[in-house]
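Structure in structure tokens, see below.
Keep in mind that what you see is a predicted model, and the values were worked out from it rather than measured.
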Amino acid sequence: MESPGGPQVFGLNQPPSSDPPPKSFEHAFPFMPSPDFSEVLQRYGLELGDGGRSVILRTSRPLSQKDAFKKFSIVLALLGIYEGVGLIERAGDGLEGFSSRPSQEEYDEPSYPEDVSATIRQLENANDPYQIQACFTLSRGLAHVTDPESAIIEFFRVIELYIKHLAWTEALNPEAANNVLVYKLILSKRVKDALKTRRILRAETVDLIYKLKEVRNKFLSHGGIRPTLSELFGDPEKNGEVLESAEFRYDPDLHYGPGFYERVLNDVSLLSGFIFSKLQGTDRVVFVRQGAWVQGSPQVHDVLAAEHVRWIGPGASQIPD
């Protein structure tokens with residue numbers, strides 16, 4: 001039973017026991033990684049549990065539920081920034097799927113290079129609700145890259161969380177912040193003007209965000225027909241014509257046909273990686289998935305290069321010097 005102050009924390013205010021003192025503490029989260037990434041998880045202090053249906057974060061001391069989730073959010077962020085790996089939360093579990101217990105397993109603190117340690121220190125200080133939520137949202141997007149439409153929506157939510165963070169921390173003017181937090185008009189014209197006039201982002205970056213927003217709104221939010229199927233069975237909404245005539249076509253080579261969603265996915269994933277670094281106040285590191293660069297838009301590459309992004313990942317080898 002929980003104490004009035006919150007979840008029970010192991011090792012505090014406990015009666016004397018004849019059991020040996022724990023050597024570590026296990027915090028299990030209802031998230032499922034791909035088995036292919038088990039070795040990657042271990043580098044960041046995570047282990048597979050419950051037959052691969054959960055992940056375990058091991059610590060040297062007991063943590064409250066809040067502190068455990070904060071530490072877990074940092075690990076999710078590191079996996080996204082440096083490995084391009086995301087985890088899938090088990091449906092319906094939520095906080096109820098979390099558990100902690102003492103363990104006799106030895107605990108060794110992961111060792112990180114200095115740049116990663118600097119990122120960890122910054123993430124430890126990024127404690128507003130939108131910053132923490134973004135760690136889970138970025139992870140979810142990366143976990144769904146094999147389903148481009150779902151991944152695009154999650155990556156765009158990272159961008160929206162950044163706008164909410166700006167509004168909540170009063171970085172936007174009151175009218176724009178009111179649009180975001182009260183009327184839920186997250187990417188309104190007032191917000192666009194505030195981002196530019198306050199020089200929060202470069203004008204070209206703001207324009208790219210809003211053009212991608214229109215792509216998402218027109219082709220993802222309404223449950224339309226996939227381009228491949230439209231070629232076989234028809235395109236009643238004439239999506240191809242809509243895109244070809246639209247001002248929001250940020251790339252002249254972007255066409256509504258096979259590969260459309262994959263192309264947009266690559267562009268949004270790169271943009272959201274940069275926005276995530278802005279949201280967290282970390283170094284502007286963006287992970288490039290294999291193939292994401294050559295299949296992406298040169299316009300997006302140029303916009304992010306002007307933001308002085310540092311590219312890492314297997315796909316970074318495809319980036320010209």
Side-chain angles (χ1 to χ4, degrees), residues 37 40-41 43-46 57 66-87 109-143 145 151 154-172 195 198-202 204-206 208-209 266-289 292-293 300-301 303-316 319:
F37 299 134
V40 173
L41 299 184
R43 292 205 295 266
Y44 293 86
L46 293 181
L57 175 68
K66 180 178 179 180
D67 289 343
F69 266 84
K70 169 61 182 178
K71 191 173 181 66
F72 184 54
S73 75
I74 293 174
V75 176
L76 291 180
L78 296 177
L79 286 168
I81 294 170
Y82 295 106
E83 305 292 343
V85 170
L87 307 184
E109 185 77 32
S111 177
Y112 300 111
E114 178 50 38
D115 61 332
V116 179
S117 296
T119 298
I120 293 172
R121 291 192 292 270
Q122 188 62 44
L123 289 167
E124 287 173 342
N125 293 319
N127 287 316
D128 84 39
Y130 301 116
Q131 291 172 315
I132 294 173
Q133 176 63 60
C135 298
F136 290 86
T137 305
L138 178 69
S139 181
R140 191 160 53 243
L142 290 166
V145 291
E154 296 300 336
F155 286 135
F156 217 90
R157 284 175 177 160
V158 173
I159 299 171
E160 292 173 333
L161 287 166
Y162 174 58
I163 302 299
K164 291 182 177 183
H165 162 78
L166 293 173
W168 194 61
T169 56
E170 301 181 350
L172 302 178
L195 291 171
R198 297 198 168 202
R199 298 184 178 181
I200 296 170
L201 293 169
R202 296 178 69 255
E204 293 82 0
T205 306
V206 176
L208 176 60
I209 288 172
N266 291 327
D267 292 338
V268 176
S269 68
L270 295 176
L271 179 61
S272 70
F274 163 65
I275 293 297
F276 183 79
S277 72
K278 292 282 289 183
L279 171 57
Q280 306 294 350
T282 58
D283 188 21
R284 299 180 182 190
V285 173
V286 174
F287 187 90
V288 184
R289 295 178 298 105
W293 185 266
V300 174
H301 302 165
V303 166
L304 294 180
E307 293 282 9
H308 305 292
V309 162
R310 179 163 68 91
W311 310 103
I312 63 171
I319 299 174

Inset, instruction - Please round to the nearest 0.5 Å and tell me the distance separating atom CG of Leu172 and atom CD1 of Ile163. - result: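 If I round to the nearest 0.5 Å, the distance is 6.5 Å.
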
Inset, instruction - Could you tell me the separation between the OG atom of Ser272 and the CG atom of Leu279, rounded to the nearest 0.5 Å? - result: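 That separation rounds to 11.0 Å.
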
Legend entry - Pairing residues for Thr205 by the side-chain hydrogen bond (donor to acceptor under 3.5 Å, both in side chains) criterion, not counting sequence neighbours: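 Once residues adjacent in sequence are excluded, the partners of Thr205 under the side-chain hydrogen bond (donor to acceptor under 3.5 Å, both in side chains) criterion are Glu307.
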
Legend entry - Heavy-atom closest contact (Ala151 atom, Gly141 atom, distance):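 Residues Ala151 and Gly141, closest heavy atoms: CB-O, 3.6 Å.
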
Legend entry - Audit row: Ile200, Tyr162, side chain to side chain contact (heavy atoms under 4.5 Å, CB included) steps and yes/no: CA-CA 11 Å; Ile200 296 170; Tyr162 174 58; 3.3 Å; yes

Inset, instruction - Go through the side-chain N and O atoms of Tyr82 and Thr119 and say whether any donor and acceptor fall under 3.5 Å apart. - result: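 Indeed, the side chains of Tyr82 and Thr119 share at least one donor-acceptor pair under 3.5 Å.
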
Inset, instruction - Identify the two heavy atoms, one from Ala126 and one from Gln280, that lie closest to each other, and give their separation to 0.1 Å. - result: CB-OE1, 3.2 Å

Inset, instruction - Using the test salt bridge (Lys or Arg N to Asp or Glu O under 4.0 Å), find all partners of Glu124 that sit at least two apart in sequence or belong to another chain. - result: none

Inset, instruction - Check step by step if salt bridge (Lys or Arg N to Asp or Glu O under 4.0 Å) holds for Glu160 and Arg157. - result: CA-CA 5 Å; Glu160 292 173 333; Arg157 284 175 177 160; 5.3 Å; no

Inset, instruction - Tell me, with the steps shown, if Leu76 and Leu138 meet side chain to side chain contact (heavy atoms under 4.5 Å, CB included). - result: CA-CA 8 Å; Leu76 291 180; Leu138 178 69; over 6 Å; no

Inset, instruction - Give a yes or no on whether the backbone of Val285 and the side-chain of Asp283 come within a donor-acceptor separation of less than 3.5 Å. - result: no

Inset, instruction - Check whether any side-chain N or O of Ser139 sits under 3.5 Å from a backbone N or O of Phe136 as a donor-acceptor pair, and report yes or no. - result: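 Such a contact is absent between Ser139 side chain and Phe136 backbone.
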
Legend entry - Beyond-backbone contact of Ile74 with Lys70, side-chain heavy atoms, under 4.5 angstrom: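 With C-beta onward as the side chain, the pair touches.
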
Legend entry - Reported CD1-to-CZ distance for the pair Ile275 and Phe155, which is rounded to 0.5 angstrom: 13.5 Å

Legend entry - Parallel, tilted or perpendicular: ring planes of Phe69 versus Phe72, cut at 30 and 60 degrees: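 Answer is perpendicular, since the angle exceeds 60°.
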
Inset, instruction - Measure the shortest side-chain to side-chain distance between Leu201 and Phe274 over non-hydrogen atoms and say whether it is less than 4.5 angstrom. - result: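 A side-chain contact exists here, since the closest heavy-atom pair is under 4.5 Å.
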
Inset, instruction - Measure the CG-CZ distance between Leu270 and Arg289 for me, rounded to the nearest 0.5 Å. - result: 7.5 Å

Legend entry - Shortest non-hydrogen separation from Gln122 to Gly281 and the atoms involved: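 Minimum heavy-atom separation between Gln122 and Gly281: CG-O, 3.1 Å.
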
Inset, instruction - Identify the two heavy atoms, one from Ala292 and one from Val288, that lie closest to each other, and give their separation to 0.1 Å. - result: CB-CG1, 4.3 Å

Inset, instruction - Could you tell me which non-hydrogen atom of Tyr112 sits nearest to which non-hydrogen atom of Arg43, and how far apart they are? - result: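 So the two residues come closest at CE2-O, 3.8 Å.
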
Inset, instruction - Decide yes or no for Phe276 and Ile81: does some side-chain heavy atom of the first lie under 4.5 Å from some side-chain heavy atom of the second? - result: yes

Legend entry - Contact check, side chains of Leu208 and Leu304, non-hydrogen atoms, under 4.5 Å: no

Legend entry - Considering all heavy atoms, the nearest Leu123-Ala77 contact: CD1-CB, 3.8 Å

Legend entry - Atom pair CZ (Arg310) and CG (Asp115), whose distance is rounded to the nearest 0.5 Å: 5.5 Å

Inset, instruction - For the pair Ile209 and Leu195, evaluate side chain to side chain contact (heavy atoms under 4.5 Å, CB included) and give the outcome as yes or no after the intermediate values. - result: CA-CA 11 Å; Ile209 288 172; Leu195 291 171; 5.6 Å; no

Inset, instruction - Output the distance between atom CD (Glu154) and atom CG (Leu142), rounded to the nearest 0.5 Å. - result: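 These two atoms lie 10.5 Å from each other.
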
Inset, instruction - Check step by step if side chain to side chain contact (heavy atoms under 4.5 Å, CB included) holds for Phe37 and Glu83. - result: CA-CA 10 Å; Phe37 299 134; Glu83 305 292 343; over 6 Å; no

Inset, instruction - Determine the interplanar angle of the Trp311 and Trp293 rings, folded into 0 to 90°, and report it as parallel if under 30°, tilted if 30 to 60°, perpendicular if over 60°. - result: perpendicular

